[in-house]
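In what follows, a single structure is set out as structure tokens and then discussed.
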Amino acid sequence: MICDKFDKNVEAKWQKYWTDGKTYDFDENDKRPIYSIDTPPPFTSGDLHMGHVLSYSYFDFVARYKRMRGFSVYYPQGWDCQGFPTEVKVEQKYGRKPPEEFRKLCVEWTESCIAKMKQQMTTMGFSPDWRYEYKTMSDDYHRRVQYSLIKMFEHNLVYNAEHPVFWCPNCNSALAKTDTDELERDTQLNFLIFKCEGKDLQIATTRPEYLHACVAVLFNPTDARYKKYEGKDITTPLSKTVKLIADKDVEKEFGTGLMMLCTFGDKADVVGMYRHNLSPIRAMDERGRLVNAGEFDGLKAEEARKKILEKLKAEKLLVKQEPLKQVIKVHDRCKKPIELLLSRQWFAKIKDKSDEIVAAAKKMRWVPDFAIQYLIDWSKFVEWDWVISRQRVFGTPLPFWMCKKCNIAYPARYNELPVNPPTMEKRECPKCKSTLEPETSTCDCWIDSSISPLVISRWPEDTEFFKKTYPSSLRPQGVEIVRTWAFYTIYRCLMLTGVPCFKELLLNGNVLATDGKKMSKSLGNIIAPDKLIDDYSADAVRQWSALSGAMAKDRPFSYQDIAYAKSFLNKLLNASKLVEKSIEGYEPKEEDRKHLRETDKWILSRTNAIVASATEKFENFEFHFLTKEMQDFFWHEFCDFYLEYVKHRIYQPEIYGEESKRAAQYTLYYALLSTAKVLAPITPHMSEEIYQLFKGKGKEQAKSVHLSSWPVADKSLESKKSEEICKLLNDALALIRQHKATNKMPLNAQLKSVHICAPVSLESVLEEIKATGKVDSVKFKEGEFSVVVG
RNA sequence: GGGCCUAUAGUCGAAUGGUAAGACGUCUGCUUGACGUGCAGAAAACUCGGGGUUCGAUUCCUCGUGGGCCCACCA
């Protein structure tokens with residue numbers, strides 16, 4: 001029995017049915033071709049957002065489609081657990097704790113987030129095989145990550161060196177760039193006097209407190225004002241002498257055209273320092289206090305700036321101050337300015353690998369194809385190696401020990417992985433016998449996620465499973481992380497296996513708020529998936545996803561689309577109820593095809609065309625066109641016209657004949673079954689509900705529509721002639737309805753007579769015109785199409 | 001500052017080298033032998049601006065302007 005009302009409770013019923021029936025279980029020994037999906041592990045924030053809903057719907061469509069196409073679909077789902085946001089939340093809740101205890105609390109917190117998100121995924125009807133669930137915080141995942149790092153270390157692709165990092169002096173912590181926000185603020189541009197060969201040269205700076213760390217003064221090589229000073233000595237207001245150096249990135253128009261280079265005022269300083277081979281000066285400690293600054297030691301930046309400006313003013317070395325709008329980086333949590341600090345970090349060698357990465361990327365099919373350009377452009381801009389270490393607690397420990405004396409790094413042994421060096425027994429340097437220093441840093445989260453195709457394929461130890469599932473058939477992901485997740489994954493997997501990691505990539509864009517702006521808490525325009533599922537059902541949300549499928553393109557959320565989707569589900573449900581009633585007790589038989597009427601042939605021909613078209617669109621990930629086409633076909637051809645044409649045959653077989661009734665039943669059966677199947681990937685719950693009518697009958701022996709086979713377009717059912725005739729029939733009926741509408745008559749009003757002029761004979765549909773149009777007598781004439789009532 | 005994407009009725013959006021679907025909204029009518037979450041009608045777009053290619057462009061090219069995403073070292 002088809003349900004009376006379709007909502008999330010019906011959906012929950014089927015979700016349970018699928019889980020209990022192990023509907024999505026992947027069989028490792030399946031002989032059918034394998035389709036593996038390297039699904040994105042969401043960060044475990046505890047909430048699925050609309051972006052997740054969109055992209056996860058995408059690959060769920062693919063997984064369901066491929067299953068019905070006869071693939072053995074390997075669809076694992078993981079969780080990206082480790083990261084600073086979790087540490088912040090846990091610290092807020094429990095305060096600071098020793099590392100081991102803190103990590104446990106983080107794990108606990110993350111588990112509760114996963115439970116919530118998993119529930120949301122189930123509610124959306126996503127169909128991963130949860131037996132293959134992975135978590136980046138697990139021992140197993142750590143082991144594989146550490147293994148990969150040691151492998152890369154052995155190939156000189158991972159190394160240790162000194163490098164400046166973003167640092168929040170307020171939180172006393174290193175930050176990733178993604179942890180930073182930009183903030184515009186008003187500041188002063190201070191013009192200071194430097195001395196060069198007895199002359200005063202003015203230099204404009206916003207950070208005079210860094211004067212003690214000044215290691216050079218730069219100017220643009222094309223700047224005639226300063227060209228003559230190249231290589232000369234220049235003396236700072238603090239009486240330190242440095243060189244004047246030409247640098248193409250100095251803007252002539254800014255300030256005086258002279259730039260003071262400090263280690264480390266901002267990133268420009270760091271770039272200059274590396275470019276000109278200058279030795280760094282530690283200017284600030286971890287808590288943001290100046291060091292190596294003489295009388296200003298121990299002061300915080302703001303305070304030091306005030307003091308030093310006072311001093312320079314008194315010495316008449318401060319010429320003037322101009323107000324300046326400046327964009328600075330702040331910590332996204334505490335909103336305090338961040339600094340750059342020099343520290344020892346781990347790196348992955350990526351700078352010279354661009355060509356190899358791009359070559360591997362080009363071997364993959366990118367959908368849409370222009371998205372590969374993001375990766376190509378990015379790889380050209382790679383300036384430095386990738387800093388892979390983070391000074392955090394909740395992350396994958398770096399499996400290394402350092403000998404400070406010999407300055408040599410030692411990796412953990414493969415057979416002891418996973419390791420957490422600081423908690424382990426002391427080790428000694430094989431060379432100098434001194435105690436090795438365990439690495440306390442953890443990995444950048446992209447280190448974790450960039451081997452997801454390897455992890456899901458059980459690399460490195462399960463070579464058989466690896467062969468079956470790697471490279472991944474599909475990597476679905478957001479277009480905004482092509483430069484990170486896709487780039488790093490292609491790089492790491494290529495370095496570790498020598499084989500490009502994906503066959504195809506499917507890119508999706510962002511979901512914007514209804515006003516076309518990015519959803520954000522501060523704008524208060526966030527749309528919560530849970531509320532949508534409550535109000536519209538998961539299948540409606542999934543249709544919205546499909547309809548938003550202009551690939552790799554941002555689209556505002558549309559309440560119109562989702563409301564339409566809900567109405568469509570209602571239409572599907574009600575039409576199915578009618579069909580259910582109409583085919584009660586009917587078993588489909590091929591012989592019933594002998595008595596097909598013109599209208600039957602028409603809708604069967606259309607059904608097959610739609611099946612063929614939908615198949616092609618699924619292959620090309622064109623969910624948008626496909627969903628729209630299905631909606632239009634089912635609603636406006638099947639329901640609006642065909643169902644009306646068969647009612648009299650179903651209800652009055654004593655007048656129109658038993659054979660005619662069976663032909664109609666055959667057609668209803670065939671068309672609705674095909675529709676339910678084609679829509680199954682998009683609206684899995686509704687399709688399953690409808691599939692009850694067919695389950696166990698004829699070829700439909702699968703226990704779920706999702707385990708049934710994809711409909712094959714039957715060429716023998718194609719009939720262009722029937723389509724032409726019925727197109728005219730539909731038009732004629734529309735005109736008859738129009739006549740009734742203009743004359744304010746009910747649609748079921750009986751008409752005496754109608755004259756129809758048509759280019760082809762409509763004799764074969766005379767019965768439908770009479771019965772559906774409620775006309776007593778119809779007169780045909782050959783010629784240009786027209787309908788006259790009366 | 002750089003790269004990429006984008007611009008079609010009130011709104012959202014298809015399509016096309018020969019003046020343009022559909023949906024929502026609006027307006028009018030119709031109660032139903034599945035559905036008023038419905039059915040039938042109606043009004044509503046010189047396809048962002050300039051230039052070019054072409055017999056002809058909304059469609060191709062170019063510049064501009066607006067919007068979006070990503071990236072970046074203005075002290």
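Below, read A as the first sequence line, B as the second, and so on, with proteins coming before strands; counting in each chain starts at 1.
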For [X] and [Y], test the side chains for any donor-to-acceptor distance below 3.5 angstrom and give the result as yes or no.
{"X": "A:Glu629", "Y": "A:Ser613", "result": "yes"}
{"X": "A:Glu767", "Y": "A:His648", "result": "yes"}
{"X": "A:His636", "Y": "A:Asp632", "result": "no"}
{"X": "A:Asp223", "Y": "A:Tyr229", "result": "no"}

Regarding [X], tell me which of base, sugar-phosphate or nothing describes its non-hydrogen contacts under 4.0 Å with the strands shown.
{"X": "A:Asp640", "result": "sugar-phosphate"}
{"X": "A:Phe625", "result": "sugar-phosphate"}
{"X": "A:Ala563", "result": "nothing"}
{"X": "A:Lys581", "result": "sugar-phosphate"}
{"X": "A:Gln652", "result": "base"}
{"X": "A:Val250", "result": "base"}
{"X": "A:Cys639", "result": "base"}

Rounded to whole angstroms, how far apart are [atom1] on [X] and [atom2] on [N]?
{"X": "A:Asp632", "N": "B:A15", "atom1": "CG", "atom2": "P", "answer": "13 Å"}
{"X": "A:Lys774", "N": "B:A40", "atom1": "NZ", "atom2": "P", "answer": "15 Å"}
{"X": "A:Gln631", "N": "B:C24", "atom1": "CD", "atom2": "C1'", "answer": "13 Å"}
{"X": "A:Asp561", "N": "B:G22", "atom1": "CG", "atom2": "P", "answer": "16 Å"}
{"X": "A:Lys566", "N": "B:C24", "atom1": "NZ", "atom2": "C1'", "answer": "16 Å"}
{"X": "A:Asp247", "N": "B:A75", "atom1": "CG", "atom2": "P", "answer": "15 Å"}
{"X": "A:Leu340", "N": "B:A72", "atom1": "CG", "atom2": "P", "answer": "13 Å"}
{"X": "A:Leu578", "N": "B:C39", "atom1": "CG", "atom2": "P", "answer": "14 Å"}

To the nearest 0.5 Å, what is the distance between OG1 (A:Thr599) and CG (A:Asn730)?
-> 9.5 Å
Ion pair check, [X] and [Y], cut-off under 4.0 Å:
{"X": "A:Lys581", "Y": "A:Glu584", "value": "no"}
{"X": "A:Lys320", "Y": "A:Glu322", "value": "yes"}
{"X": "A:Lys617", "Y": "A:Glu622", "value": "no"}

Can you check the distance between [N] and [M], where both ends of the measurement are the [atom1] atom (answer in whole Å)?
{"N": "B:G67", "M": "B:C48", "atom1": "C1'", "value": "11 Å"}
{"N": "B:U62", "M": "B:C71", "atom1": "C1'", "value": "26 Å"}
{"N": "B:C60", "M": "B:G18", "atom1": "P", "value": "12 Å"}
{"N": "B:C61", "M": "B:U37", "atom1": "C1'", "value": "48 Å"}
{"N": "B:U8", "M": "B:C12", "atom1": "P", "value": "8 Å"}
{"N": "B:C24", "M": "B:A42", "atom1": "P", "value": "16 Å"}
{"N": "B:G64", "M": "B:U28", "atom1": "P", "value": "49 Å"}
{"N": "B:C4", "M": "B:A43", "atom1": "C1'", "value": "40 Å"}

Protein-nucleotides 67-69 of chain B N/O pairs closer than 3.5 Å?
unit_1	atom_1	unit_2	atom_2	d
B:G68	O2'	A:Asp554	OD2	2.6
B:C69	O4'	A:Asp554	OD2	3.4

Residue [X], side-chain heavy atoms: nucleotide from [options] that is nearest:
{"X": "A:Gln560", "options": "B:A34, B:A14, B:A23", "answer": "B:A23"}
{"X": "A:Leu324", "options": "B:A75, B:A34, B:G41", "answer": "B:A75"}
{"X": "A:Asn574", "options": "B:A75, B:A14, B:C35", "answer": "B:C35"}
{"X": "A:Tyr564", "options": "B:A75, B:G33, B:C24", "answer": "B:C24"}
{"X": "A:His636", "options": "B:G13, B:A23, B:A34", "answer": "B:A23"}
{"X": "A:Thr205", "options": "B:C73, B:A75, B:G13", "answer": "B:A75"}
{"X": "A:Asn748", "options": "B:A75, B:A34, B:U32", "answer": "B:U32"}
{"X": "A:Lys628", "options": "B:G22, B:U37, B:C73", "answer": "B:G22"}
{"X": "A:Gln373", "options": "B:C4, B:A40, B:C71", "answer": "B:C4"}

Using 30° and 60° as the class limits, which term best fits the ring planes of A:Phe633 and A:Phe638: parallel, tilted or perpendicular?
-> tilted
Mate of [N] where both pairing distances stay under 3.5 Å, Watson-Crick or G-U:
{"N": "B:G29", "answer": "B:C39"}
{"N": "B:U59", "answer": "none"}
{"N": "B:U65", "answer": "B:A7"}
{"N": "B:G17", "answer": "none"}
{"N": "B:G1", "answer": "B:C71"}

Mapping A:Lys248 and A:Tyr651 onto RNA chain B by nearest heavy atom, which one lands closer to the 5' end?
->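 Mapping each residue to its closest nucleotide by heavy atoms, the 5'-most match is A:Tyr651.
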Side-chain N,O ([X]) to OP1/OP2 ([N]) below 4.0 Å:
{"X": "A:Ser558", "N": "B:U11", "value": "no"}
{"X": "A:Lys571", "N": "B:C39", "value": "yes"}
{"X": "A:Trp635", "N": "B:C39", "value": "yes"}
{"X": "A:Tyr642", "N": "B:A34", "value": "no"}

Given A:Asp200, A:Ile193, A:Ile203, the one that forms side chain to side chain contact (heavy atoms under 4.5 Å, CB included) with A:Val319 = A:Ile193
More than 12 heavy atoms of other groups within 6.0 Å of A:Asn9 CG = yes
